[in-house]
Amino acid sequence: MLRHLFSKGCNGLRIGCQVGTPRSQVRRFLPLTCDGVQLISCRRLCSGHPPKEKDVIQTKEDKSEQAEPLDLDRWKVVMRSQAKYQEQKVDDGLEGSNDGSLDENGDDCKNSSSLEATRELVSMWRQAGKLVPQEMTEDELRTLSELTTKSSRKKYLKYLAIREGYKLSRKEKQAQKRAEKEATMKENRDGAEEGSDQENNQIPNSLFLKFWGHSFDRVFAWRSAQAMLFGQPLVFDFSYESNMSRREIENTVSQLLEVEGWNRRAIDPFHLHFCNLQPDGPYHQELIKRYSAEVWDRLLVTNTERHYVELFPKEQLVYLTADSPNVLHSFDHSKIYIIGALVDRSIQPGLSLANAKRLKLATARLPLDEFLHWEIGAKNLTLDQMIRIMLSIKMTGKWEEALTFVPERKHDGLHQQQTKPLRTNTTTRGFTSQGWREHADRPLKLKKTHEKRTFTSPDQSKREPGGDRIVGAKEKSTSGKRVRTSLKSNLENRKAADRNKMWWDDD
Amino acid sequence: FGIKLIFMAKKVYAIYLMEPPDRPLPPDEWRKLKESFGKPQRFDVQMMTSMFISESELDVAKSLLTFVAMETGTLSYELLLRYLTLCVSGGHDEEVFDVYDIMRESFHSLDTGATTLFIKSFSRTDRWKEAMNLLDEIKKVFTPSPRNYGDVISAAMLHGDTNTAWALYDELLEKGLSPHPETWCVLFTRAEHHQRLLGILLYMRNNQIYPNKMMANAIKTWFESLSSQKWTGSWTSPRSKGLCGCCGAELESIQLTAEEYQELKEKVIADVIQGRDVFKKTTPEELEHFKEFVRRKPPFDVVVDGLNVANVNRDKSKLSHTLLAVVSELKHQGLTILVLGRKHMLRPSMSWDRKNMSLIQQKAHCFFTDNISEDDPFLLYATLHSGYHCRFVSRDLMRDHKACLPDGATRRLFFKWQRGHQLVLDGFVAAGKRVQFQSIPSYDTIVQTTSDSWHIPYDDTEDRSTYEVPQRWLCLTRKP
């Protein structure tokens with residue numbers, strides 16, 4: 001009986017082997033038929049069968065066994081042989097160029113070896129699949145080796161890799177465009193040869209004059225020149241070199257490029273002064289690098305290393321900073337406004353205010369809270385946003401138009417005008433900016449609850465302290481709505497509520 | 001295939017999670033899988049990564065490598081690196097030896113990730129000395145990480161080479177790195193050097209490091225295993241009067257010594273109040289005015305941060321009322337009070353009632369800074385100037401001011417002083433309720449020792465914030 005069992009089992013084995021499955025599957029059959037009996041003993045027991053079958057089974061099994069270890073470690077063999085081949089090549093190459101690199105100075109050797117080591121590191125990181133540039137210049141390598149921590153190196157390499165990626169993709173797009181242009185030109189030429197359309201190559205007739213770029217440039221230049229003689233000055237304060245890192249200075253200069261551009265194209269430009277600009281300082285070097293020296297010299301902007309206090313009388317100067325307690329309600333055409341050329345990537349609060357305090361200048365901030373539902377975001381605006389706001393307010397005198405240049409993500413839109421103002425003195429005062437913010441995302445509900453507002457301040461004052469938190473929250477929200485309306489209606493209330501919302505109030 | 005978010009090496013990656021096969025496949029089946037995959041160029045690396053995540057068997061990974069080798073004739077560095085991570089995490093150290101030889105032959109150097117993995121794997125085997133060579137290799141480009149050092153130290157300890165282990169540990173400290181708790185655990189479990197291990201405990205004391213539960217266990221075991229001395233350890237909490245819950249010994253006081261106090265005072269004035277630009281927080285005139293004010297007045301017993309205390313209730317319309325309640329309570333206790341605020345508090349309004357403010361000014365000395373100045377530095381100056389006994393009332397954690405201090409030692413001193421002198425209001429200030437303050441501990445939560453005892457506070461929870469201290473201690477006493 002056992003033989004029958006085993007014959008069945010062996011038949012199963014044979015069928016299994018003929019398919020040529022790997023060892024694990026073969027194993028799977030085994031336990032079904034012979035518990036715990038190994039392959040070898042199975043083979044022994046099958047000896048009663050015709051030798052042909054046994055041989056077939058045996059050879060197939062051997063193959064599947066032997067095929068296995070070879071299969072798994074085949075890659076090692078491949079890699080090792082490849083490595084040997086490469087070594088041979090390298091050796092041959094080395095024999096040829098052996099003598100050149102032996103006599104060097106000790107220092108040079110060390111420097112170059114450390115730079116080489118850094119280059120090695122970068123190339124190995126690239127091979128390991130990390131975000132690292134393909135090629136690096138000597139300067140970049142030097143900056144890299146000066147960085148000490150691993151994360152700072154990785155960040156710098158990531159920045160270089162992304163920049164390289166942009167350049168590559170731009171080159172590819174340019175090549176593509178050039179190819180397409182050539183293709184269309186070729187088609188046109190072919191088309192011209194076929195038909196006799198001469199007009200394709202000439203400028204088409206049109207009713208309207210074409211304005212070329214040069215014409216615009218000339219107009220803008222004349223206007224800027226006029227502004228430099230007769231226009232209102234606007235000062236940019238460049239005294240923050242020691243407070244910013246290299247990257248932040250580069251960002252500042254990018255923003256200044258935009259500032260100059262917007263100013264030039266405005267209808268009534270400012271006369272821009274770049275004060276405290278130290279020659280050969282980081283700002284100056286970066287500006288020349290971005291503008292190129294000739295353009296920088298031709299630029300219709302006054303840049304000086306003198307202080308703005310020396311250039312203008314103190315009564316006329318107003319420093320614009322987000323930390324100031326005074327709000328700028330209307331644009332004064334006789335005052336000279338100062339904006340700090342500062343980027344707040346690394347947040348250092350109160351820098352520009354400190355400057356203004358030191359020089360005892362008047363300060364002001366933009367009326368952002370009066371006109372916008374602020375959501376989240378720093379109230380520090382970038383330089384190009386500032387110049388657009390200043391130009392707009394100078395032209396129109398309307399804050400609603402000027403403050404459209406504040407980024408949309410920071411605010412929820414201008415305050416809606418209310419028809420029924422309600423005077424509530426008690427609840428306006430104790431209002432924190434938190435409630436304000438919580439409220440900013442419910443502008444629609446305002447109109448509905450508008451009607452059912454009740455003046456319940458005495459009840460409120462009894463209920464709030466401590467205990468009833470749910471009630472307290474509701475009261476807060478309704479009181480918030482009341483605050484909003486009263487803000488718009490009553491100037492005094494507005495100022496008072498503002499004062500209570502000052503940042504120094506929430507200690 | 002699906003997209004999965006995985007947490008690997010402290011970053012969150014979104015990868016195509018493929019289901020790796022559960023058995024080694026022959027090359028033609030791999031080819032089929034690769035063709036059906038969306039991005040064939042990244043197939044190999046991503047499949048290997050999925051294998052690592054799903055902890056596949058080694059054979060399956062090997063079959064993938066064979067397929068790639070036969071297809072393309074070579075294996076990329078990245079693929080080998082992923083394979084290496086799979087081997088190391090699975091503990092297949094012999095395989096790692098082969099991979100090491102192959103990678104050395106095929107590529108002229110190794111990157112930092114591969115070297116770390118090799119160090120980790122070699123340290124588990126007999127070839128741990130090669131791990132030391134790898135460590136030297138890393139040193140050429142970077143400072144090796146504490147984990148690298150830790151692996152080699154553990155290996156040295158495991159194989160009995162204690163001198164190397166301690167030499168590496170010293171090097172680790174010299175480079176200013178902080179050892180991993182696991183390294184300490186290994187040292188405590190295996191090393192015999194009495195003085196060295198006590199040195200570790202002193203390091204923890206000087207850097208205000210608290211061991212975790214595992215390490216505390218190791219320390220206890222070591223102490224109890226000392227045959228020449230009979231130490232007994234127990235887990236306990238301190239009692240309120242500053243006594244150990246288990247042996248009753250008095251714990252170190254939280255008060256600073258005279259020199260520490262003086263040093264802290266100078267550093268606070270120099271770095272927190274003045275800093276690099278005194279205009280950032282105040283003006284020089286105001287500072288001088290305040291210094292003169294403090295000099296004129298008698299030393300204070302408690303300094304109150306007016307705005308912080310007033311805002312403790314949710315009702316923001318009665319700020320002066322809250323402040324008056326707190327000041328009255330402190331006056332009732334017979335203390336000399338200084339209240340710090342800003343000038344807008346003197347302007348009559350709903351929150352700052354004129355009557356309340358005048359009452360406050362009768363009960364306490366007051367100083368009001370400009371509205372745009374910061375009042376916290378003045379608070380710290382006044383408290384420090386008035387002496388050891390003076391405390392301050394505020395809920396502010398003072399972390400931004402602590403960060404202005406120059407080095408770790410001063411910061412830890414500040415933190416110690418803060419814990420011993422900051423009165424925090426407990427709960428809300430209500431009409432009928434008496435004003436309560438949270439209690440200040442009289443003992444310092446730090447590793448401490450006397451001639452025959454060691455008291456070690458340890459972390460038994462995972463989520464202790466940096467401004468909190470552990471509550472559980474390990475008390476080790478010796479029978480003389």
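Everything numeric here is computed off the predicted structure, so don't read it as measured data. In what follows, chains are A, B, ... by sequence order, proteins preceding strands, each numbered from 1.
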Are A/Arg126 and B/Asp111 close enough for a salt bridge, meaning some N to O gap below 4.0 Å?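 Looking at B/Asp111 together with A/Arg126, the answer is no, because their closest N to O distance does not fall below 4.0 Å.
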Relative to chain A, which segment of [X] carries a heavy atom at a distance below 4.5 Å: side chain, backbone, both, or neither?
X: B/Thr74; value: both
X: B/Glu137; value: neither
X: B/Asp277; value: side chain
X: B/Leu80; value: side chain
X: B/Lys280; value: both
X: B/Val99; value: side chain
X: B/Leu81; value: side chain
X: B/Phe67; value: neither
X: B/Glu95; value: side chain

Nearest heavy-atom pair of B/Thr112 and A/Leu121: which atoms, and what distance?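 Looking at all heavy atoms of both residues, the closest pair is CG2-CD1, 4.0 Å.
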How close do A/Lys357 and B/Ser373 get, heavy atom to heavy atom, and via which atoms?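 Heavy-atom minimum between the residues: NZ-OG, 4.4 Å.
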Assess whether atom NE2 of B/His92 is packed by more than 12 heavy atoms of other residues, nucleotides or ligands within 6.0 Å.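 Buried by this count: over 12 neighbours within 6.0 Å.
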To the nearest 0.5 Å, how far apart are NZ in A/Lys150 and CZ in B/Phe142?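 If we round to the nearest 0.5 Å, A/Lys150:NZ and B/Phe142:CZ are 6.0 Å apart.
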Quick one: pull up OG in A/Ser123 and NE2 in B/His108 and give me the separation to the nearest 0.5 Å.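 With rounding to 0.5 Å, OG (A/Ser123) is 5.0 Å from NE2 (B/His108).
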For the interface with chain A, which of B/Ala310, B/Ser106, B/Ser76, B/Ser109 has the highest count of heavy-atom pairs at distances below 4.5 Å?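 Looking at each option in turn, the highest pair count goes to B/Ser109.
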Does A/Arg80 reach the side chain of B/Asp101, with side-chain heavy atoms less than 4.5 Å apart?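 Side chain of A/Arg80 against side chain of B/Asp101, heavy atoms only: contact under 4.5 Å found.
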